[in-house]
Amino acid sequence: MLLHPSDQQKIRQSLDALPSAVRLLFFTQSLGCEGCAAAGEIVAELAKLSEKLSLEEVNFVLDKEQVAAYGVDRVPAIAILGKEDYGIRFFGVPAGYEFTSLLDAVMLAGRGESGLSADSRALLAAVTEPTSLQVFSTPT
Amino acid sequence: MAVESPLVRASMISATEYPDLVRRYQITGVPKTVVNDRVEILGALPEQMFVSQALTPPA
């Protein structure tokens with residue numbers, strides 16, 4: 001167990017309360033991927049916490065179709081899917097503070113609401129071209 | 001932002017695992033956000049400031 005039992009309980013409650021189920025697609029490969037095993041352990045532990053979460057493993061080498069469909073160009077990677085695919089991805093091992101980011105993303109996908117201000121939503125409604133945000137973080 | 005717009009995609013990237021990206025985008029501190037390989041936002045900003053900077057093409 002990587003998560004403290006009291007944290008597990010809190011996370012379970014938040015996940016159980018989500019209006020929509022969340023699918024985690026975990027892209028991995030068995031050889032030549034340093035972080036894949038660690039990332040796999042973390043997502044498996046997270047997915048176990050609530051029936052609202054489901055986990056599917058996708059072989060990055062063999063399953064080219066899914067890899068292309070979800071725009072995954074490296075592993076380990078997690079596609080976080082709610083009622084629809086909002087385009088939310090996590091690349092790398094979600095350790096330390098990054099686990100919180102992953103969890104936030106799961107909650108966001110399960111709610112299907114951004115919680116952004118009216119001004120921000122107006123700006124986003126005006127977006128007309130594909131926009132890719134890459135947010136870099138570290139575990140500490 | 002990705003939830004609000006079908007055109008917006010959001011990737012969280014753990015810098016530790018991807019030294020190639022750290023070099024390519026010259027990540028010297030986190031959080032750092034790269035938008036369409038053009039706009040760079042360093043640090044955490046208040047929401048509206050972040051959204052407007054992220055969506056404003058550089059002059």
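Per chain, numbering begins at 1; letters A, B, ... match sequence-line order.
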For the residue pair [X] and [Y], what are the closest heavy atoms and their distance?
X: A:Pro139; Y: B:Thr16; result: CD-OG1, 3.3 Å
X: A:Ile88; Y: B:Ala2; result: CG1-CB, 4.1 Å
X: B:Tyr18; Y: A:Pro76; result: OH-O, 3.0 Å

Report which part of B:Pro6 has an atom under 4.5 Å of a heavy atom belonging to chain A: side chain, backbone, both, or neither.
neither
Does the side chain of [Y] come within less than 4.5 Å of [X]'s, by heavy atoms?
X: A:Ser114; Y: B:Met1; answer: no
X: B:Val8; Y: A:Leu133; answer: yes
X: B:Val3; Y: A:Glu113; answer: no

Top contributor to chain B interface from A:Gly92, A:Pro94, A:Ala125 [non-hydrogen pairs under 4.5 Å]
A:Gly92
Pair count under 4.5 Å, heavy atoms only, with chain B: among A:Gly35, A:Ser117, A:Ala126, highest is A:Ser117
Could you walk me through whether B:Asn36 and A:Thr131 pass the side chain to side chain contact (heavy atoms under 4.5 Å, CB included) test, one step at a time?
CA-CA 6 Å; B:Asn36 285 351; A:Thr131 303; 4.2 Å; yes
Quick check: is [Y] connected to [X] through a chain of hydrophobic side chains (ILVMFWY, heavy atoms under 4.5 Å apart)?
X: A:Tyr86; Y: A:Leu15; answer: yes
X: A:Leu116; Y: B:Phe50; answer: yes
X: B:Leu21; Y: A:Leu102; answer: no
X: A:Met107; Y: A:Phe26; answer: yes
X: A:Leu18; Y: A:Leu53; answer: yes

Using the side chain to side chain donor-acceptor pair (under 3.5 Å) rule, take A:Ser120 and B:Glu47 through it: C-alpha gap first, then chi angles, then the decisive distance, then the call.
CA-CA 8 Å; A:Ser120 296; B:Glu47 176 204 309; 2.6 Å; yes
Decide whether B:Ser14 and A:Glu98 meet the rule of one side-chain donor and one side-chain acceptor closer than 3.5 Å.
yes
Parallel, tilted or perpendicular, as decided by the 30° and 60° cut-offs, for the rings of B:Tyr25 and A:Phe136:
tilted
If you count the non-hydrogen atoms of other residues, nucleotides and ligands that lie under 6.0 Å from CD in A:Gln9, is the total more than 12?
yes
Looking at A:Glu56, I want to see if its CD is surrounded by more than 12 non-hydrogen atoms of other residues, nucleotides or ligands under 6.0 Å.
yes
List the steps, then state whether side chain to side chain contact (heavy atoms under 4.5 Å, CB included) holds for B:Asp20 with A:Arg74.
CA-CA 11 Å; B:Asp20 59 321; A:Arg74 51 187 68 230; 3.1 Å; yes
Side chain to side chain contact (heavy atoms under 4.5 Å, CB included) between B:Glu4 and A:Leu123, intermediate numbers included
CA-CA 10 Å; B:Glu4 286 296 334; A:Leu123 285 171; over 6 Å; no
Determine yes or no for a side-chain-to-main-chain donor-acceptor pair under 3.5 angstrom, with B:Glu17 supplying the side chain and A:Val93 the backbone.
yes
Is there a donor-acceptor pair under 3.5 Å between the side chain of B:Arg9 and the backbone N or O of A:Gly71?
yes
Rounded distance (nearest 0.5 Å) linking atom OG1 of A:Thr138 with atom NZ of B:Lys32
14.0 Å
Rounded to the nearest 0.5 Å, what's the gap from OG on A:Ser101 to CD1 on B:Ile13? Could you check?
12.5 Å
Engaged part of A:Ile80 at the chain B interface, taking heavy atoms whose separation is under 4.5 Å:
side chain
Verdict with reasoning, A:Arg121 to B:Val51, per side chain to side chain contact (heavy atoms under 4.5 Å, CB included):
CA-CA 9 Å; A:Arg121 279 187 278 129; B:Val51 173; over 6 Å; no
Given side chain to side chain donor-acceptor pair (under 3.5 Å), test A:Gln134 with B:Thr33 step by step and report yes or no.
CA-CA 5 Å; A:Gln134 293 177 291; B:Thr33 305; over 6 Å; no
